[in-house]
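Working notes for the structure below.
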Amino acid sequence: MAATPREIRLTEERQRLDVIWEDGTASRLTAATLRAQSRSAETVRAGIDGLPPALPHDIAITEVVPVGAYAVNLVFSDGHDRGIFPWPYLRALADGAAA
């Protein structure tokens, strides 16, 4: 399983991130899934406390920022900007969403 994206596209409505992986697999990840699965301290703490993430119904991705050659930082419409998604984690989320 290749865990490096060949292409990352934010859809026009900013509700989904489309990823084409080196092995040719295409993944679609919704903004809500990515925001809920962010490994930021805030989201991890909510999970430890057994709380679901509080997300607006119209959550969107406002920016995709490369982090070196190993990850992206996603900025969301609710102001959340602390979630870094390394390629293996992004691929695991994509595989889980496809299952």
| query | Any side-chain heavy atom of Glu42 within less than 4.5 Å of one from Arg82? | reply | no
| message | Do Ile59 and Thr30 have side chains that approach each other closer than 4.5 Å (heavy atoms only, starting at C-beta)? | response | no
| field | Which residues share a side-chain hydrogen bond (donor to acceptor under 3.5 Å, both in side chains) with Thr62, sequence neighbours left out | value | none
| field | Cluster link Val19 to Leu10, ILVMFWY, side chain under 4.5 Å | value | yes
| task | Indicate yes or no: at least one non-hydrogen side-chain atom of Ser38 is less than 4.5 angstrom from one of Phe85. | result | yes
| request: State whether the number of non-hydrogen atoms from other residues, nucleotides or ligands found under 6.0 Å of Arg28 atom CZ is greater than 12. | output: no
| message | Apply side chain to side chain contact (heavy atoms under 4.5 Å, CB included) to residues Leu51 and Arg45 and explain how you reach the verdict. | response | CA-CA 9 Å; Leu51 302 171; Arg45 181 75 238 175; over 6 Å; no
| remark: Interatomic distance, CG@Asp58 vs CD@Gln15, rounded to 0.5 Å, equals 7.0 Å
| Heavy-atom side-chain proximity of Gln37 to Leu29 below 4.5 angstrom | no
| said: Run the side chain to side chain contact (heavy atoms under 4.5 Å, CB included) test on Ile8 and Asp18 for me, step by step, so that the C-alpha distance in whole Å, both residues' side-chain angles and the decisive distance to 0.1 Å come before the verdict. | reply: CA-CA 6 Å; Ile8 297 176; Asp18 293 343; over 6 Å; no
| Any idea which heavy atoms bring Ala36 and Thr43 closest together, and the distance? | O-CG2, 3.4 Å
| query | Sub-3.5 Å donor-acceptor pair from the side chain of Thr11 to the main-chain atoms of Arg16, do we have one? | reply | yes
| remark: d(Ser40 OG, Asn73 CG) to nearest 0.5 Å is 10.0 Å
| query | What is the distance from atom CG of Leu93 to atom CG of Leu34, rounded to the nearest 0.5 Å? | reply | 6.5 Å
| What is the distance from atom OG1 of Thr4 to atom CG of Leu90, rounded to the nearest 0.5 Å? | 11.0 Å
| task | Share the residues that join Val44 in a hydrophobic cluster, the rule being Ile, Leu, Val, Met, Phe, Trp or Tyr side chains under 4.5 Å apart at the heavy-atom level. | result | Ile48
| remark: By salt bridge (charged side-chain N to carboxylate O under 4.0 Å, His left out), Asp81 pairs with (sequence neighbours left out) none
| said: Quick check: closest heavy atoms across Trp21 and Trp87, and the distance to 0.1 Å? | reply: CH2-O, 3.7 Å
| query | Can you tell if the side chain of Val65 reaches within under 4.5 Å of the side chain of Val72, non-hydrogen atoms only? | reply | no
| query | Are any non-hydrogen side-chain atoms of Ser77 and Arg35 less than 4.5 angstrom apart? | reply | no
| said: If you count heavy atoms of other groups shown closer than 6.0 angstrom to CD of Glu13, is the number above 12? | reply: yes
| Which value, rounded to the nearest 0.5 Å, describes the distance between Leu17 atom CG and Ile61 atom CD1? | 5.0 Å
